[in-house]
Structures are given as structure tokens and as C-alpha cells.
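All residue numbers refer to positions in the sequence shown, counting from 1.
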Amino acid sequence: MSSDAAQRLAFVQSHLQIAACANKEEPKKKTPVESMSEEREKATFDVRELTYFLDGGEKFTKIREKFMMELERDPTFRMYDMYDVTKDEIRQRTMEKFRTIVHYVSAEPVPIFTMRMQTISLIDPGFWTRFGVHYGLFFGALRGSATSAQFSHWVSKGALALNGMVGCFAMTELGHGSNVAGLETTATFDEAADQFIIHTPTITATKWWIGGAAHTATHTVVFAQLIVRGKRYGTKSFVVQLRDTRTYTLMPGINIGDIGKKMGRDGIDNGWIQFTNVRIPRTNMLMKHTKVSRAGEVKEPPMAQLTYGALIQGRVAMVVDSGNIAKKAVTIAGRYAAVRRQFQSSPHDVQETKLIDYAIHQYRLMPLLAQAYAFHFTGVETQKLYDNLMDKLESTQPGDASMQDTLDTLKETHATSAGLKAFCTWSTLNAIEACRQTLGGHGYSAYTGLATTYNDFAVHCTWEGDNTILTLQSGRYLVSCYREALAGKTQPEGVSYLNHLDTLLNLGCGAKTNDDILNFDVIQEAWGVVTANVVKKAGDDFEVSLKAGMSPEAAYEECSQARLAAAKIHSFGYIFRRFAQAVKSAPEGLRPILTKVCFLYGLYSIEQNAGFFLQYRYFTPSQMDFVRAQVNVFCREVRQEYIPLIDAFNYSDYMINSPLGVYDGNVYEKYFDQVKRQNPVGGEHPYLPLIQSLLRRDIEDDEPLEDDEEDEE
């Protein structure tokens, strides 16, 4: 064959090869739905079994699913358009929901109704709060502070059935919040008339932030300074009628207004109240504890501490709510990360890389998932602690042999709930924002859900006790326990590390190899050592101040920073212990994955507080390096089953209410559909005249600009 012929043949063959390549099918790119499906195939555990374990059993899972279905089908609970409604529309909808939910108050046992309200809190926290103002605060105050005869009286008036009265809870004032003892509203006993005179003496005594007061409440429980014969007896509670129940006009001496737009939860009509010499019957004072007789004799309770039990309920509820909301946030962020693709890890990749496959994204997201699980199990145990306390309070009478045990339980529960309420709500608020930022630019859209979730949740950090104040209370309790431990008194389980101060304070990690650190007992010991030392520091600072001549109150204030640090570190260790206990009690098939999640929480928390572990020499620098490395390892391992782990939370798309968090992963179509539905194309332009007047305005000098001579040169 001639060279020319060979060249022609080679030329033809090259064209045939190109054609063959052109006809070859390119690897198919996976759709978001397919990307989500492949994530679910990675599960090494039974997702449904984990759901049952989280819910406390199959029975409760089915109850929650029933609640979710009922809410989704109820038109008054439609939520798809909630991001575009006005404050007034939200409030009207909130009241429409009352008629639906009030039926269940008397129809369901308290534990089941509580579950219903927990479900509602996830989808409509504003309504949950508004409804809770009446039943949790107003009715709760009656149940906790009224005598049996008084309680029966107010129930007969409609307090339970929400028929004939709507209640609110007037504690906070314009000038006082956390300092309940400093409230300025007065309740002066008029012995001749057998009445109390409720009065707002100053502008700072104006009741403020009172949920339901602005437009709906007919009655309130007012917290005011009890004054009898010129002597003050501290803050007590009184029932005051605000409005005529038929005409809804304000009662004489009552002034009420709306405090206006808030950061979130606009379904609640928060208002202000001023009382001008408002007279109420003496029997409207709630007298389960402190009593005032017709003759003006005041009888204080023998154990004033027993009155604190009712205040703990709200804090416990917020610990539980923190876990639930955290689970919702990591579900939205995680499902989006599993289908969102961005850049390519390798030039040979057919498709861009999932966000969830980037190491830095795993480090941003996986610890938040672990924290959500930790908060869930902590909430469960905190609720049990509270229920146990209430059982003891109901059955214990002054003089009983078990009184001291009840008081110790009350003290522990009060301090634990205070510290956990602050720690969990702060952490969850930060987690919501961190999850929102993982959505990138889309996180700024209200429709993705997390911006509204943040605004609605933020109030948890300042109501039912400002978080800083509550953390200081927890730190004060720890200092007290430390001093008792030094005196030889055995401390309760929550602070049991203080029973071993002689061995813990100078203890270092006994792991022979780095891998030996990966043990629940080692991590728990690590937290015990560090917490014992941090609490000791606060206790020692307190003692130094006392020896310097300070009063106990001044000494506590002087060591406030040490108390904050002690309470924070104590909470980290407490939550890890609760998580580890839950893992040990889990069904065998769930333990491997839950162990990984628990290790991630424990090690990440240590990494975030590395300074304390190095300062008190529990871990060496090289061991801390190992801890940091293992955080990355567990982030990668938990990432493999992130989607099955959040599926186990069992939140329906209705409950998630975010197109970026839908179960099937079809995020872009769902997002686009919602934007178009809420913002229809082709409608009347909302401000066309303004644009036209801008574009068509007269311009005095409309001559074209002359060329710059310098440019010509």
C-alpha cells in the first residue's frame, strides 16, 4: 500500500473513532431525588426501630403520626403560606386554632395532650405559646398556687374548659424581669372592705410582654408585692379580671395596650397592663402557700421552697423543645446538603460534589446532628426528673420523714433545669443559625424555614429566666454542692463527681494507647475531672471573697465569671452522661450507630473546650491531637448515615415546612413552586406609578455629554 493510501486510510479510521466516541453514552448525572435515595441505601440500622426508641415506643410513634396527619389536614393549621402573612392575619389564625385544640384539653389524658402540644410547637410555636399562656401559665398558676376550694371555683368559672374566661400571666414588668422579688406592682389589703387593691405605682411597674393581654385575655394572674398593715410580705399571686366577658370592655382601673411587632411569634398578642387602684376580693389571692385571713393575719408557708416547683415546668419544656427544634434544623440542612452539588472534587468526576461530601461541611454539620441527639435524650431524662419531683411535692407534707429528701430533689431539679434551659437554648439558637448558613444564599429566604425558626426560637434565651441569670443560679448551686462535699455530705447523682474530689482533682488520663480514649467511661471521667476542677475554682474564689470580709451575696457576685464557667462545663458533662446512658439502654441493633454519634458529641465538646482539659492536665497535648483527629473520623463515619439518622426523627414534610428539607430530595422544584405560588407572575405591579414617575421625570439638562478632550489626545 502506497504512503498516500495509508494516510487516507488512517484519516478515515480517525473519523470513525471520533464518531464512535460521539455515539457513546455519557454517564448519567443523578437527579436530586436519586441522590437522596442513594443516601438512604447506606443505612446499617433499622430506621423505624430508632424512631420507636426516640419516641419511647411504637405506641407513641403512632400517636405522633396521628397528630401530624390531623394537623396537616386541618385547614386552620395551613402553614405553607405562613411566611407571607401579616401580624394581624397571624393573630386571627391563632385564635381560629383555639376552637380546634381546646376540645382535646378535656378529651385526652394530660401526657397525650402534652405530646400533641409538643408536636404543634414544631410547626406553629406562636400558637403553642399563646395556648400555653392560658393552660401552662394562667391555669398552671391556679393549679400550683390556689387552695383546692379556690381551684374548684376557677374551674367552675371556665378556666379549664376555656369557656367564660381567657387567662394570661402578669409577672414581668417594664423595669423588672428575672428579679421577681423586685417587682413593683402592689397588692395592699384593705381590712375594712376585705379586699386587695392592685396598683401600678410607677411606669416601670407596668406589666410588660404579657402574652394574650393586648386583645384576648379576660383574666390574669398578677404577681404583686403583698402589703398588709404597712408590712411587705414579698411577691404573691392574685387573680384579676381585665375585661367584661360579654362586652370585652376593660374593667374599671385597667389600662391595656399592644406592645407591637416582635422579632418572632407574632401569633401572640403581647401587651402591657397598668392597674389604678383596682379592687378585688381577698379570696382572689391564691392562698395554697401564703394565707391572709379576714382579720388581716398573714400565715407564711413553713417551707417556702416548696412553692418553687411550679416555676420549673417551663424550663423543662424548653429543654425538651430545644432538642425538637434542633432536630428540625439539622433535618433541613442535612437533606439539602445531600442533594446540593457544588464544584468537582476531581476533574474526572462526571458530576459536581455533594456538599455533604466535603470534609469542612461535615465538620460544620455532623456535630450539630450529634448535639440534637444529645439534647433529645437529655430532655427525656430532665422530664423524668421533673415528674419525680412533682410526685414528691404532691405526697410530702411538712414534718414528714421524707421532707429533706424532697427538698434535696427540689434543689437539684431547680438548679439542673435552670442550667440546662440556658445551655440548651443558647446552643440550639446557635445551631439554627449555623444550619441556616450551610444553605448558602438560599438560607436568606424565608421559605427555607430556618430564618423564621431562628426568630421564633430566640425568645427562649430570655423568657422564663434570662439565660445568664439562670446559668449563674446553676453555678451558685454547684458552689453550694462543692462546699457541702468538702463538709462530708454525699451529693446527688447529677453532681456525683463532687463525691470523689480527693481522687479526681489531680487525675490524668490513664489510657495506655490513644485508642483507649475511645471509651465512654474515659470520656465521662474526663468531664468529671475537668468539671470538678472548674467547680473547685468557683468555690475557692467564693471562699477568698468571704475571707476578705464580703457578704455571701457580694462574694457570689465576685465569682460570677467562675460560676458561669462552672455551669457551662458541668452542662457539657451532664449532657454527655445522659446521652451515654441512653446508648447503653438502646436496642442492640441501634447501639453501633448511636455509639458513633455519642462519641462525636463527646469528643467534639472536648475539642471545643480543649483549654480546660490541658489546663487541668487530664489530656496531654498529643492526646488532644488524637481527640481532634477522631472528631474528623467520626464526622466522616456519621456522614455515611446522616440521612437515615435524621429520617429517624420522623418529621413529615408538613412539619418541616421547608422546600429544602423535603423527604424525597426534590428541593429545586419544590422551592421554585413555592416561590411562584406565593408570588404569582403577571399580577398588577405594586408600585408601577412610582417607577414611571422616576423614569419619565423631566430632566433639565438632557444634552449628551461632550467627549473628554484628554481622551482624544
Verdict with supporting geometry, Arg93 and Glu96, salt bridge (Lys or Arg N to Asp or Glu O under 4.0 Å): CA-CA 5 Å; Arg93 288 190 184 188; Glu96 290 172 354; 5.8 Å; no
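- Ring planes of Phe375 and Phe423: perpendicular class, angle over 60° (limits at 30 and 60°).
- With respect to Arg48 and Glu65, a salt bridge is recorded, a charged nitrogen being found less than 4.0 Å from a carboxylate O.
- In this structure, Phe457 and His460 have perpendicular ring planes: the angle between them is above 60°, well past the 30° mark.
- Across Gly167 and Ala217, no two heavy atoms sit closer than the pair C-CB, 4.2 Å.
- Note: Gln383 CD to Thr114 OG1 = 7.5 Å, rounded to the nearest 0.5 Å.
- Expressed to the nearest 0.5 Å, how far CD of Glu108 lies from CD1 of Ile101 amounts to 8.5 Å.
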Is there a side-chain hydrogen bond (donor to acceptor under 3.5 Å, both in side chains) between Tyr52 and Asn650 once you walk through the steps? CA-CA 10 Å; Tyr52 293 157; Asn650 200 31; over 6 Å; no
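- Cation-pi geometry between Arg78 and Tyr654 is not met at under 6.0 angstrom from the ring centre and within 45 degrees of the axis.
- To the nearest 0.5 Å, the span separating CG on Asp74 from CE on Met69 amounts to 12.0 Å.
- If you take CG on Asp653 and CD on Glu72, they are separated by 8.0 Å, rounding to the nearest 0.5 Å.
- Between Asp321 and Lys328 no salt bridge is recorded (no basic side-chain N to carboxylate O distance below 4.0 Å).
- The main-chain N or O of His215 is never found under 3.5 Å from a side-chain atom of Tyr248 such that the two would form a donor-acceptor pair.
- In summary, Arg91 and Asp269 do not engage in a salt bridge, as defined by a charged side-chain N under 4.0 Å from a carboxylate O.
- Using a cutoff of 4.0 Å between basic side-chain nitrogens and carboxylate oxygens, Lys62 and Asp55 are not scored as salt-bridged.
- Taken from OG1 in Thr172 to CH2 in Trp463, the straight-line distance is 10.5 Å, to the nearest 0.5 Å.
- Residues His442 and Tyr671 bring their aromatic ring centres within 6.0 Å.
- Below 30°, between 30° and 60°, or above 60°: for Phe53 and Phe377 the angle between ring planes is between 30° and 60°, a tilted geometry.
- For the pair Thr200 (side chain) and Phe275 (backbone), a donor-acceptor distance under 3.5 Å is present.
- Taking the six-membered ring where the residue is Trp, Tyr135 and Phe113 present perpendicular rings, their angle passing 60° and hence far from 30°.
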Check the pair Met79 / Met82 against side-chain contact (heavy atoms from CB on, under 4.5 Å), numbers first and verdict last. CA-CA 5 Å; Met79 303 303 298; Met82 65 173 290; 3.4 Å; yes
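- The existence of a salt bridge linking Lys261 and Asp266 is confirmed by a sub-4.0 Å separation between a basic side-chain nitrogen and an acidic carboxylate oxygen.
- The main-chain N or O of Met171 is found under 3.5 Å from a side-chain atom of Lys207 such that the two form a donor-acceptor pair.
- A distance-only check finds a donor-acceptor pair linking the side chain of His289 to the backbone of Gly144 [under 3.5 Å].
- Relative ring orientation between Phe196 and Phe238 is described as perpendicular, the plane-to-plane angle rising above 60° on a 0-90° scale split at 30° and 60°.
- A donor-acceptor pair is defined here as one N or O able to donate and one able to accept, closer than 3.5 Å; no such pair exists between the side chain of Thr413 and the backbone of Leu410.
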